[in-house]
There are 2 protein chains.
Amino acid sequence: MSDFRPLYPLVLVDTALLSVDDEGLKVLLVRRAEEPAIRKWAMPGGILRPHEDTSLEAAARRILRDKISVELPHLEEVCTASGPDRDPRGWSISVLFFALLPRDQVQAVVKSKVEAVEWANVANLGHRIAFDHEALLERAVGVLRDRVERSVLPLHLMPEHFTLTQLQRTCETVLGRPLDKSVFRRRLKRSSALIELDEFERGVQRPAQLFRATEGFSFFQG
Amino acid sequence: MSDFRPLYPLVLVDTALLSVDDEGLKVLLVRRAEEPAIRKWAMPGGILRPHEDTSLEAAARRILRDKISVELPHLEEVCTASGPDRDPRGWSISVLFFALLPRDQVQAVVKSKVEAVEWANVANLGHRIAFDHEALLERAVGVLRDRVERSVLPLHLMPEHFTLTQLQRTCETVLGRPLDKSVFRRRLKRSSALIELDEFERGVQRPAQLFRATEGFSFFQG
DNA sequence: AGAATAGTGTCTGTCAGACAGTATCGC
DNA sequence: GCGATACTGTCTGACAGACACTATTCT
(Lines give C-alpha, C1' and ligand atoms only; values in the text may rest on other atoms or scores of the structure.)
Protein backbone atom coordinates (compact mmCIF):
# COMPACT_ATOMS: atom_id res chain seq x y z
CA MET A 1 0.00 0.00 0.00
CA SER A 2 1.34 3.38 -1.00
CA ASP A 3 1.97 5.91 1.73
CA PHE A 4 0.97 8.79 -0.48
CA ARG A 5 -1.68 10.71 1.40
CA PRO A 6 -3.19 13.44 -0.73
CA LEU A 7 -4.85 16.47 0.73
CA TYR A 8 -8.08 15.67 -1.06
CA PRO A 9 -9.78 12.33 -1.12
CA LEU A 10 -10.85 10.68 -4.32
CA VAL A 11 -14.60 11.11 -4.65
CA LEU A 12 -16.37 8.31 -6.47
CA VAL A 13 -19.97 7.60 -7.32
CA ASP A 14 -21.27 4.07 -7.80
CA THR A 15 -24.70 2.80 -8.71
CA ALA A 16 -26.32 -0.49 -7.86
CA LEU A 17 -28.65 -0.94 -10.80
CA LEU A 18 -31.02 -3.72 -9.90
CA SER A 19 -33.63 -5.65 -11.81
CA VAL A 20 -35.27 -9.05 -11.85
CA ASP A 21 -35.64 -11.81 -14.38
CA ASP A 22 -36.77 -15.39 -14.24
CA GLU A 23 -33.60 -16.41 -12.42
CA GLY A 24 -33.99 -13.91 -9.62
CA LEU A 25 -32.65 -10.57 -8.49
CA LYS A 26 -30.01 -9.14 -10.77
CA VAL A 27 -27.40 -6.43 -10.58
CA LEU A 28 -25.65 -4.77 -13.46
CA LEU A 29 -21.89 -5.23 -13.46
CA VAL A 30 -19.33 -3.68 -15.78
CA ARG A 31 -15.95 -5.16 -16.52
CA ARG A 32 -13.41 -2.50 -15.75
CA ALA A 33 -11.38 -1.41 -18.76
CA GLU A 34 -8.81 0.56 -16.75
CA GLU A 35 -6.64 0.26 -13.71
CA PRO A 36 -7.17 -0.18 -10.87
CA ALA A 37 -8.83 -3.59 -10.76
CA ILE A 38 -8.67 -3.84 -14.53
CA ARG A 39 -10.73 -6.70 -15.96
CA LYS A 40 -12.51 -7.21 -12.69
CA TRP A 41 -16.24 -6.72 -12.42
CA ALA A 42 -17.72 -3.79 -10.53
CA MET A 43 -20.88 -1.78 -10.31
CA PRO A 44 -20.87 1.11 -12.76
CA GLY A 45 -19.11 4.05 -11.19
CA GLY A 46 -16.68 6.83 -11.74
CA ILE A 47 -15.07 9.96 -10.47
CA LEU A 48 -17.06 13.03 -9.56
CA ARG A 49 -16.41 15.97 -11.88
CA PRO A 50 -17.22 19.16 -10.02
CA HIS A 51 -17.02 21.26 -13.16
CA GLU A 52 -19.64 19.10 -14.89
CA ASP A 53 -21.84 17.66 -12.20
CA THR A 54 -24.30 19.69 -10.19
CA SER A 55 -24.61 17.08 -7.45
CA LEU A 56 -23.50 13.58 -6.59
CA GLU A 57 -26.76 12.24 -7.96
CA ALA A 58 -26.18 14.11 -11.20
CA ALA A 59 -22.74 12.54 -11.37
CA ALA A 60 -24.26 9.10 -10.99
CA ARG A 61 -26.68 9.91 -13.82
CA ARG A 62 -23.88 11.11 -16.08
CA ILE A 63 -21.83 7.99 -15.46
CA LEU A 64 -24.75 5.67 -16.19
CA ARG A 65 -25.43 7.59 -19.36
CA ASP A 66 -21.83 7.39 -20.49
CA LYS A 67 -21.06 3.84 -19.44
CA ILE A 68 -24.22 2.00 -20.26
CA SER A 69 -26.47 4.45 -22.10
CA VAL A 70 -29.25 4.30 -19.57
CA GLU A 71 -31.45 7.12 -18.38
CA LEU A 72 -33.18 6.39 -15.10
CA PRO A 73 -35.97 8.24 -13.43
CA HIS A 74 -35.46 7.07 -9.91
CA LEU A 75 -32.05 7.25 -8.29
CA GLU A 76 -31.53 7.18 -4.59
CA GLU A 77 -28.68 7.41 -2.17
CA VAL A 78 -27.87 4.33 -0.12
CA CYS A 79 -24.71 5.00 1.87
CA THR A 80 -21.06 5.90 1.57
CA ALA A 81 -17.87 3.92 1.98
CA SER A 82 -14.62 5.61 2.82
CA GLY A 83 -11.06 5.05 3.94
CA PRO A 84 -7.44 4.99 2.87
CA ASP A 85 -7.27 1.38 1.71
CA ARG A 86 -10.44 0.56 -0.14
CA ASP A 87 -9.11 1.84 -3.47
CA PRO A 88 -5.46 1.48 -4.48
CA ARG A 89 -5.39 5.04 -5.73
CA GLY A 90 -5.52 6.23 -2.14
CA TRP A 91 -7.95 7.74 0.33
CA SER A 92 -11.35 7.50 -1.29
CA ILE A 93 -15.03 8.02 -0.76
CA SER A 94 -17.68 6.15 -2.68
CA VAL A 95 -21.22 7.38 -2.57
CA LEU A 96 -23.53 4.55 -3.49
CA PHE A 97 -26.83 5.04 -5.27
CA PHE A 98 -29.38 2.50 -6.17
CA ALA A 99 -31.77 2.35 -9.05
CA LEU A 100 -34.33 -0.05 -10.45
CA LEU A 101 -34.75 -1.02 -14.07
CA PRO A 102 -38.01 -2.50 -15.36
CA ARG A 103 -37.53 -6.14 -16.21
CA ASP A 104 -38.64 -5.68 -19.79
CA GLN A 105 -35.71 -3.31 -20.35
CA VAL A 106 -33.04 -5.65 -19.04
CA GLN A 107 -32.08 -6.84 -22.50
CA ALA A 108 -31.69 -3.33 -23.90
CA VAL A 109 -28.93 -2.42 -21.50
CA VAL A 110 -26.69 -5.38 -22.09
CA LYS A 111 -26.02 -4.70 -25.72
CA SER A 112 -24.93 -1.11 -25.27
CA LYS A 113 -21.50 0.49 -25.39
CA VAL A 114 -17.96 -0.71 -25.59
CA GLU A 115 -17.28 -2.18 -22.18
CA ALA A 116 -18.41 -5.64 -21.20
CA VAL A 117 -21.63 -5.49 -19.27
CA GLU A 118 -23.46 -8.28 -17.50
CA TRP A 119 -26.52 -8.82 -15.39
CA ALA A 120 -25.25 -10.91 -12.52
CA ASN A 121 -27.38 -12.98 -10.20
CA VAL A 122 -27.25 -11.25 -6.83
CA ALA A 123 -27.52 -14.54 -4.96
CA ASN A 124 -24.62 -16.05 -6.84
CA LEU A 125 -22.09 -13.47 -7.92
CA GLY A 126 -18.92 -15.48 -8.04
CA HIS A 127 -15.86 -13.98 -6.40
CA ARG A 128 -14.68 -11.54 -8.99
CA ILE A 129 -15.96 -8.27 -7.63
CA ALA A 130 -13.65 -5.28 -7.45
CA PHE A 131 -13.00 -3.09 -4.42
CA ASP A 132 -15.59 -3.37 -1.67
CA HIS A 133 -18.41 -3.49 -4.13
CA GLU A 134 -19.71 -6.78 -2.82
CA ALA A 135 -20.36 -5.19 0.57
CA LEU A 136 -21.86 -2.12 -1.09
CA LEU A 137 -24.18 -4.28 -3.14
CA GLU A 138 -25.38 -5.96 0.01
CA ARG A 139 -26.33 -2.59 1.42
CA ALA A 140 -28.27 -1.68 -1.70
CA VAL A 141 -30.13 -4.96 -1.76
CA GLY A 142 -30.87 -4.48 1.92
CA VAL A 143 -32.49 -1.14 1.20
CA LEU A 144 -34.60 -2.63 -1.56
CA ARG A 145 -35.74 -5.58 0.55
CA ASP A 146 -36.53 -3.28 3.41
CA ARG A 147 -38.73 -1.13 1.20
CA VAL A 148 -40.63 -4.04 -0.23
CA GLU A 149 -40.96 -5.59 3.22
CA ARG A 150 -42.60 -2.40 4.43
CA SER A 151 -45.20 -2.91 1.75
CA VAL A 152 -43.74 -0.42 -0.67
CA LEU A 153 -44.26 -1.82 -4.10
CA PRO A 154 -41.28 -2.15 -6.43
CA LEU A 155 -43.22 -0.64 -9.29
CA HIS A 156 -40.03 0.64 -10.87
CA LEU A 157 -39.20 -2.97 -11.65
CA MET A 158 -42.39 -3.58 -13.59
CA PRO A 159 -43.15 -2.93 -17.24
CA GLU A 160 -45.73 -0.28 -17.97
CA HIS A 161 -48.61 -2.75 -17.92
CA PHE A 162 -48.55 -5.82 -15.75
CA THR A 163 -50.78 -8.31 -14.00
CA LEU A 164 -51.13 -8.67 -10.26
CA THR A 165 -49.53 -12.10 -10.38
CA GLN A 166 -46.49 -10.65 -12.15
CA LEU A 167 -46.20 -7.99 -9.48
CA GLN A 168 -46.44 -10.63 -6.80
CA ARG A 169 -43.72 -12.73 -8.45
CA THR A 170 -41.49 -9.68 -8.51
CA CYS A 171 -42.00 -9.05 -4.82
CA GLU A 172 -41.31 -12.69 -4.09
CA THR A 173 -38.13 -12.56 -6.11
CA VAL A 174 -36.91 -9.51 -4.25
CA LEU A 175 -37.78 -10.88 -0.84
CA GLY A 176 -36.76 -14.44 -1.57
CA ARG A 177 -39.86 -15.97 -0.06
CA PRO A 178 -43.38 -16.81 -1.24
CA LEU A 179 -46.26 -14.50 -0.49
CA ASP A 180 -49.90 -15.43 -0.04
CA LYS A 181 -51.98 -14.42 -3.01
CA SER A 182 -55.06 -13.23 -1.21
CA VAL A 183 -53.10 -11.28 1.36
CA PHE A 184 -51.11 -9.64 -1.40
CA ARG A 185 -54.19 -8.63 -3.33
CA ARG A 186 -56.00 -7.37 -0.28
CA ARG A 187 -53.18 -4.97 0.40
CA LEU A 188 -53.07 -3.78 -3.18
CA LYS A 189 -56.76 -2.90 -3.07
CA ARG A 190 -56.10 -0.48 -0.26
CA SER A 191 -52.86 0.93 -1.62
CA SER A 192 -54.16 3.20 -4.39
CA ALA A 193 -50.79 2.83 -6.08
CA LEU A 194 -52.34 0.82 -8.89
CA ILE A 195 -54.78 1.70 -11.61
CA GLU A 196 -57.05 -0.90 -13.09
CA LEU A 197 -57.01 -1.03 -16.88
CA ASP A 198 -59.60 -2.37 -19.29
CA GLU A 199 -57.02 -4.55 -20.99
CA PHE A 200 -56.16 -8.18 -20.41
CA GLU A 201 -53.26 -10.50 -21.05
CA ARG A 202 -53.16 -12.52 -24.26
CA GLY A 203 -52.27 -16.07 -25.15
CA VAL A 204 -52.37 -17.64 -21.71
CA GLN A 205 -54.70 -20.11 -20.11
CA ARG A 206 -56.79 -17.50 -18.43
CA PRO A 207 -55.84 -13.92 -19.29
CA ALA A 208 -55.47 -11.69 -16.25
CA GLN A 209 -56.40 -8.06 -15.96
CA LEU A 210 -53.63 -5.54 -16.57
CA PHE A 211 -52.71 -2.73 -14.22
CA ARG A 212 -50.37 0.21 -14.24
CA ALA A 213 -48.82 2.35 -11.56
CA THR A 214 -50.47 5.64 -10.67
CA GLU A 215 -49.11 8.62 -12.52
CA GLY A 216 -46.07 10.06 -10.83
CA PHE A 217 -46.00 7.40 -8.18
CA SER A 218 -43.04 7.45 -5.89
CA PHE A 219 -41.17 4.46 -4.64
CA PHE A 220 -42.08 5.58 -1.17
CA GLN A 221 -45.81 5.37 -1.16
CA GLY A 222 -47.68 2.38 0.18
CA MET B 1 -21.27 33.20 -6.73
CA SER B 2 -17.67 32.58 -7.69
CA ASP B 3 -16.99 30.76 -10.91
CA PHE B 4 -13.96 29.04 -9.47
CA ARG B 5 -14.44 25.33 -10.03
CA PRO B 6 -11.74 23.30 -8.32
CA LEU B 7 -10.83 19.83 -9.47
CA TYR B 8 -11.61 18.39 -6.08
CA PRO B 9 -14.72 19.05 -4.08
CA LEU B 10 -14.59 20.18 -0.50
CA VAL B 11 -15.44 17.17 1.68
CA LEU B 12 -17.19 18.00 4.91
CA VAL B 13 -18.56 15.94 7.75
CA ASP B 14 -21.44 17.14 9.92
CA THR B 15 -23.15 15.54 12.86
CA ALA B 16 -26.70 15.96 14.09
CA LEU B 17 -26.25 15.33 17.79
CA LEU B 18 -29.73 14.86 19.23
CA SER B 19 -31.07 14.56 22.72
CA VAL B 20 -34.22 15.28 24.68
CA ASP B 21 -35.05 17.35 27.71
CA ASP B 22 -38.28 18.50 29.31
CA GLU B 23 -38.89 20.95 26.49
CA GLY B 24 -38.65 18.39 23.74
CA LEU B 25 -36.27 17.14 21.09
CA LYS B 26 -32.99 19.01 21.00
CA VAL B 27 -30.10 19.38 18.61
CA LEU B 28 -26.63 20.63 19.41
CA LEU B 29 -25.64 23.73 17.51
CA VAL B 30 -22.28 25.48 17.44
CA ARG B 31 -21.80 29.16 16.64
CA ARG B 32 -19.28 29.31 13.85
CA ALA B 33 -16.09 31.13 14.76
CA GLU B 34 -14.77 31.34 11.21
CA GLU B 35 -15.85 32.22 7.73
CA PRO B 36 -17.92 31.21 5.95
CA ALA B 37 -21.17 31.89 7.79
CA ILE B 38 -19.25 33.30 10.72
CA ARG B 39 -21.38 33.82 13.85
CA LYS B 40 -24.18 31.76 12.42
CA TRP B 41 -25.30 28.57 14.07
CA ALA B 42 -24.63 25.20 12.51
CA MET B 43 -24.38 21.56 13.43
CA PRO B 44 -20.85 20.65 14.46
CA GLY B 45 -18.84 19.79 11.39
CA GLY B 46 -15.56 20.22 9.65
CA ILE B 47 -13.31 19.24 6.83
CA LEU B 48 -12.19 15.68 6.26
CA ARG B 49 -8.46 15.19 6.83
CA PRO B 50 -7.36 12.16 4.85
CA HIS B 51 -3.97 12.07 6.56
CA GLU B 52 -5.62 11.84 10.00
CA ASP B 53 -8.97 10.19 9.52
CA THR B 54 -9.41 6.54 8.68
CA SER B 55 -12.98 6.99 7.50
CA LEU B 56 -15.72 9.58 7.29
CA GLU B 57 -17.16 8.30 10.53
CA ALA B 58 -13.76 8.64 12.18
CA ALA B 59 -13.62 12.21 10.92
CA ALA B 60 -16.99 12.93 12.50
CA ARG B 61 -15.71 11.48 15.78
CA ARG B 62 -12.55 13.60 15.66
CA ILE B 63 -14.51 16.77 15.01
CA LEU B 64 -16.92 16.12 17.86
CA ARG B 65 -13.99 15.44 20.14
CA ASP B 66 -12.23 18.65 19.12
CA LYS B 67 -15.22 20.96 18.96
CA ILE B 68 -17.30 19.88 21.89
CA SER B 69 -15.26 17.30 23.81
CA VAL B 70 -17.75 14.51 23.39
CA GLU B 71 -17.05 10.84 22.79
CA LEU B 72 -19.99 8.97 21.37
CA PRO B 73 -20.47 5.28 20.99
CA HIS B 74 -23.12 5.25 18.35
CA LEU B 75 -22.64 7.26 15.17
CA GLU B 76 -24.52 6.58 12.02
CA GLU B 77 -24.67 7.89 8.52
CA VAL B 78 -27.83 9.65 7.40
CA CYS B 79 -27.25 11.06 3.93
CA THR B 80 -25.11 13.40 1.90
CA ALA B 81 -25.68 16.83 0.47
CA SER B 82 -23.68 18.07 -2.47
CA GLY B 83 -23.44 20.75 -5.11
CA PRO B 84 -21.62 23.86 -6.24
CA ASP B 85 -23.65 26.42 -4.33
CA ARG B 86 -24.40 25.05 -0.91
CA ASP B 87 -21.13 26.33 0.58
CA PRO B 88 -19.56 29.62 -0.51
CA ARG B 89 -16.13 28.00 -0.66
CA GLY B 90 -17.23 26.10 -3.75
CA TRP B 91 -18.32 22.64 -4.81
CA SER B 92 -18.83 20.71 -1.62
CA ILE B 93 -20.06 17.45 -0.19
CA SER B 94 -21.38 17.11 3.32
CA VAL B 95 -21.78 13.68 4.79
CA LEU B 96 -24.26 13.84 7.61
CA PHE B 97 -24.08 11.60 10.65
CA PHE B 98 -26.44 11.39 13.50
CA ALA B 99 -25.84 10.52 17.11
CA LEU B 100 -27.82 10.39 20.31
CA LEU B 101 -26.74 11.73 23.68
CA PRO B 102 -28.34 10.48 26.90
CA ARG B 103 -30.46 13.19 28.42
CA ASP B 104 -28.56 13.15 31.68
CA GLN B 105 -25.42 14.19 29.82
CA VAL B 106 -26.94 17.18 28.07
CA GLN B 107 -25.63 19.63 30.63
CA ALA B 108 -22.06 18.34 30.44
CA VAL B 109 -21.68 19.20 26.79
CA VAL B 110 -22.79 22.78 26.92
CA LYS B 111 -20.04 24.04 29.14
CA SER B 112 -17.18 22.67 27.09
CA LYS B 113 -14.66 24.39 24.85
CA VAL B 114 -14.18 27.83 23.44
CA GLU B 115 -16.93 28.14 20.87
CA ALA B 116 -20.49 28.97 21.78
CA VAL B 117 -22.59 25.84 21.98
CA GLU B 118 -26.31 25.53 22.45
CA TRP B 119 -28.98 22.86 22.63
CA ALA B 120 -31.67 24.18 20.32
CA ASN B 121 -35.26 23.04 20.31
CA VAL B 122 -35.75 21.14 17.08
CA ALA B 123 -39.36 22.26 16.77
CA ASN B 124 -38.43 25.92 17.13
CA LEU B 125 -34.98 26.67 15.80
CA GLY B 126 -35.28 30.28 14.80
CA HIS B 127 -33.94 31.24 11.41
CA ARG B 128 -30.26 31.51 12.01
CA ILE B 129 -29.00 28.23 10.67
CA ALA B 130 -25.99 28.23 8.35
CA PHE B 131 -25.74 26.53 4.95
CA ASP B 132 -28.37 23.89 4.28
CA HIS B 133 -28.15 22.56 7.81
CA GLU B 134 -31.81 23.07 8.47
CA ALA B 135 -32.70 20.64 5.70
CA LEU B 136 -30.01 18.23 6.87
CA LEU B 137 -31.36 18.34 10.39
CA GLU B 138 -34.78 17.44 9.08
CA ARG B 139 -33.34 14.35 7.47
CA ALA B 140 -31.65 13.29 10.69
CA VAL B 141 -34.79 13.79 12.74
CA GLY B 142 -36.67 11.86 10.11
CA VAL B 143 -34.35 8.90 10.54
CA LEU B 144 -34.73 8.99 14.30
CA ARG B 145 -38.53 9.20 14.15
CA ASP B 146 -38.63 6.41 11.64
CA ARG B 147 -36.60 4.16 13.89
CA VAL B 148 -38.71 4.84 16.94
CA GLU B 149 -41.87 4.44 14.89
CA ARG B 150 -40.72 0.99 13.86
CA SER B 151 -40.60 0.11 17.52
CA VAL B 152 -36.87 0.50 17.85
CA LEU B 153 -36.24 1.96 21.23
CA PRO B 154 -34.11 5.11 21.53
CA LEU B 155 -32.11 3.61 24.35
CA HIS B 156 -29.13 5.77 23.49
CA LEU B 157 -31.14 8.71 24.76
CA MET B 158 -31.69 7.20 28.20
CA PRO B 159 -29.50 7.34 31.27
CA GLU B 160 -28.02 4.05 32.42
CA HIS B 161 -30.95 3.26 34.69
CA PHE B 162 -34.45 4.42 33.89
CA THR B 163 -38.09 3.65 34.48
CA LEU B 164 -40.52 2.48 31.84
CA THR B 165 -42.46 5.70 32.14
CA GLN B 166 -39.32 7.71 31.46
CA LEU B 167 -38.65 5.62 28.38
CA GLN B 168 -42.20 6.16 27.22
CA ARG B 169 -41.90 9.91 27.71
CA THR B 170 -38.75 9.89 25.62
CA CYS B 171 -40.48 8.05 22.79
CA GLU B 172 -43.38 10.45 22.98
CA THR B 173 -41.03 13.39 22.82
CA VAL B 174 -39.30 12.02 19.76
CA LEU B 175 -42.52 11.12 17.97
CA GLY B 176 -44.42 14.18 19.07
CA ARG B 177 -47.52 12.25 20.04
CA PRO B 178 -48.79 10.41 23.12
CA LEU B 179 -48.48 6.64 23.38
CA ASP B 180 -50.73 4.29 25.26
CA LYS B 181 -49.14 3.00 28.42
CA SER B 182 -50.32 -0.57 28.31
CA VAL B 183 -49.55 -0.95 24.61
CA PHE B 184 -46.07 0.42 25.21
CA ARG B 185 -45.37 -1.93 28.08
CA ARG B 186 -46.74 -4.93 26.27
CA ARG B 187 -44.29 -4.38 23.49
CA LEU B 188 -41.40 -3.91 25.86
CA LYS B 189 -42.11 -7.25 27.49
CA ARG B 190 -41.57 -8.98 24.18
CA SER B 191 -38.60 -6.92 23.06
CA SER B 192 -35.82 -8.39 25.22
CA ALA B 193 -33.96 -5.11 24.84
CA LEU B 194 -34.52 -4.29 28.50
CA ILE B 195 -33.22 -5.85 31.68
CA GLU B 196 -35.22 -5.65 34.85
CA LEU B 197 -33.23 -4.43 37.86
CA ASP B 198 -33.88 -4.93 41.55
CA GLU B 199 -33.66 -1.21 42.18
CA PHE B 200 -36.42 1.35 42.37
CA GLU B 201 -36.80 5.07 42.03
CA ARG B 202 -36.54 7.24 45.12
CA GLY B 203 -38.39 10.27 46.43
CA VAL B 204 -41.49 10.07 44.28
CA GLN B 205 -45.08 9.23 45.05
CA ARG B 206 -44.78 5.66 44.03
CA PRO B 207 -41.28 4.56 43.10
CA ALA B 208 -41.10 2.68 39.83
CA GLN B 209 -38.85 -0.21 38.98
CA LEU B 210 -35.62 0.62 37.20
CA PHE B 211 -34.44 -0.98 33.98
CA ARG B 212 -31.35 -0.86 31.84
CA ALA B 213 -30.61 -1.69 28.21
CA THR B 214 -29.20 -5.09 27.41
CA GLU B 215 -25.43 -5.24 27.20
CA GLY B 216 -24.15 -4.25 23.79
CA PHE B 217 -27.61 -3.46 22.50
CA SER B 218 -27.74 -1.88 19.11
CA PHE B 219 -30.04 0.86 18.04
CA PHE B 220 -31.36 -1.49 15.42
CA GLN B 221 -32.84 -4.24 17.47
CA GLY B 222 -36.50 -4.26 18.43
C1' DA C 1 -57.70 9.23 53.94
C1' DG C 2 -56.50 11.09 49.65
C1' DA C 3 -53.46 12.24 45.83
C1' DA C 4 -50.48 10.57 42.56
C1' DT C 5 -48.33 7.48 39.88
C1' DA C 6 -47.08 2.39 38.86
C1' DG C 7 -48.64 -1.42 36.84
C1' DT C 8 -52.44 -4.90 34.97
C1' DG C 9 -56.63 -6.76 32.69
C1' DT C 10 -59.86 -6.82 29.12
C1' DC C 11 -62.66 -5.62 25.20
C1' DT C 12 -62.71 -4.60 20.33
C1' DG C 13 -61.38 -3.71 15.61
C1' DT C 14 -58.03 -4.53 12.20
C1' DC C 15 -55.15 -7.16 9.64
C1' DA C 16 -51.98 -11.03 8.21
C1' DG C 17 -51.66 -15.86 7.23
C1' DA C 18 -53.67 -19.96 5.58
C1' DC C 19 -56.49 -22.32 2.68
C1' DA C 20 -60.51 -23.56 0.29
C1' DG C 21 -63.58 -22.34 -2.96
C1' DT C 22 -65.47 -20.24 -7.47
C1' DA C 23 -64.89 -18.18 -12.18
C1' DT C 24 -63.14 -17.98 -16.68
C1' DC C 25 -60.14 -18.92 -20.15
C1' DG C 26 -57.45 -22.13 -23.81
C1' DC C 27 -57.32 -26.54 -25.57
C1' DG D 1 -65.00 -31.53 -20.49
C1' DC D 2 -60.51 -30.72 -18.43
C1' DG D 3 -56.56 -28.46 -16.93
C1' DA D 4 -54.77 -24.22 -15.61
C1' DT D 5 -54.73 -19.96 -13.79
C1' DA D 6 -57.32 -15.71 -12.11
C1' DC D 7 -59.79 -14.15 -8.49
C1' DT D 8 -62.73 -14.27 -4.02
C1' DG D 9 -64.47 -15.71 0.56
C1' DT D 10 -63.81 -17.04 5.17
C1' DC D 11 -61.76 -18.69 9.39
C1' DT D 12 -58.30 -17.89 12.92
C1' DG D 13 -54.74 -15.95 15.66
C1' DA D 14 -51.89 -12.01 16.76
C1' DC D 15 -51.66 -7.56 17.89
C1' DA D 16 -52.76 -2.38 18.50
C1' DG D 17 -55.69 1.00 20.53
C1' DA D 18 -58.59 2.41 24.13
C1' DC D 19 -59.82 2.48 28.69
C1' DA D 20 -60.90 0.92 33.12
C1' DC D 21 -59.20 -1.14 36.96
C1' DT D 22 -56.01 -2.42 40.96
C1' DA D 23 -51.72 -1.58 43.70
C1' DT D 24 -48.41 0.93 46.24
C1' DT D 25 -46.25 4.74 48.05
C1' DC D 26 -45.97 9.70 49.82
C1' DT D 27 -48.10 13.45 52.35
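Every chain is numbered from 1 and lettered A, B, ... according to where its sequence line falls, protein lines coming before strand lines.
Checking side-chain atoms of A:Glu118 against main-chain N and O of A:Leu29 turns up no donor-acceptor pair under 3.5 Å.
Ring planes of B:His74 and B:His156: parallel class, angle under 30° (limits at 30 and 60°).
Put simply, B:Arg206 has no side-chain N or O that comes within less than 4.0 Å of OP1 or OP2 on D:dC26. The shortest distance between the side-chain N/O atoms of A:Lys189 and the OP1/OP2 oxygens of D:dT8 is below 4.0 Å.
Crowding of B:Arg139 atom CZ: a count of heavy atoms from other residues, nucleotides or ligands under 6.0 Å not exceeding 12.
Residue order along DNA chain D, read from the 5' end via each residue's closest nucleotide, puts B:Arg177 first among B:Arg177 and B:Gly203. Nearer to the 5' terminus of DNA chain C, by closest-nucleotide assignment, is the contact made by A:Arg186 (compared with the other of A:Val204 and A:Arg186).
The separation between B:Glu201 atom CD and C:dA4 atom C1' is 12 Å, rounded to whole Å. In this entry the distance linking CD of B:Gln168 with P of D:dG17 reads 12 Å, nearest Å. The distance from atom CG of A:Leu188 to atom P of C:dC15 is 15 Å, rounded to the nearest whole Å. Rounded to a whole Å, the CZ atom of B:Arg185 is 12 Å from the C1' atom of D:dA23. Rounded to an integer number of Å, the gap from CZ of A:Phe200 to P of C:dA23 is 16 Å. Whole-Å rounding puts the B:Arg150 CZ to D:dA16 P distance at 15 Å. Atom P of nucleotide C:dG13 and atom CG of B:Asp180 are separated by 17 Å, given to the nearest angstrom. The distance from atom CG of A:Leu179 to atom P of C:dA18 is 10 Å, rounded to the nearest whole Å.
A:Thr165 comes within 4.0 angstrom of the backbone, heavy atoms only, and of no base. As judged by a 4.0 angstrom heavy-atom cut-off over every strand, B:Arg190 is placed among residues touching the sugar-phosphate backbone only.
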Next on the checklist: As a quick check of understanding, evaluate side chain to side chain donor-acceptor pair (under 3.5 Å) for B:Thr80 and A:Glu77, giving each step before the final call.
Outcome noted: CA-CA 8 Å; B:Thr80 69; A:Glu77 193 180 320; 2.7 Å; yes

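Distance from the side chain of B:Val183 is smallest for D:dA18 among the nucleotides D:dA18, C:dG26, C:dT8. Nearest to the side-chain atoms of A:Arg187 among the listed nucleotides C:dA6, C:dA16, C:dC25 stands C:dA16.
Residue-to-nucleotide contacts include a donor-acceptor pair under 3.5 Å from the side chain of A:Ser182 to the base of D:dG9. With hydrogens and angles ignored, a donor-acceptor pair under 3.5 angstrom links the side chain of A:Gln205 to the base of D:dG3.
Using a 4.0 Å cut-off between a side-chain N of Lys or Arg and a carboxylate O of Asp or Glu, A:Arg147 and A:Glu76 qualify as a salt bridge.
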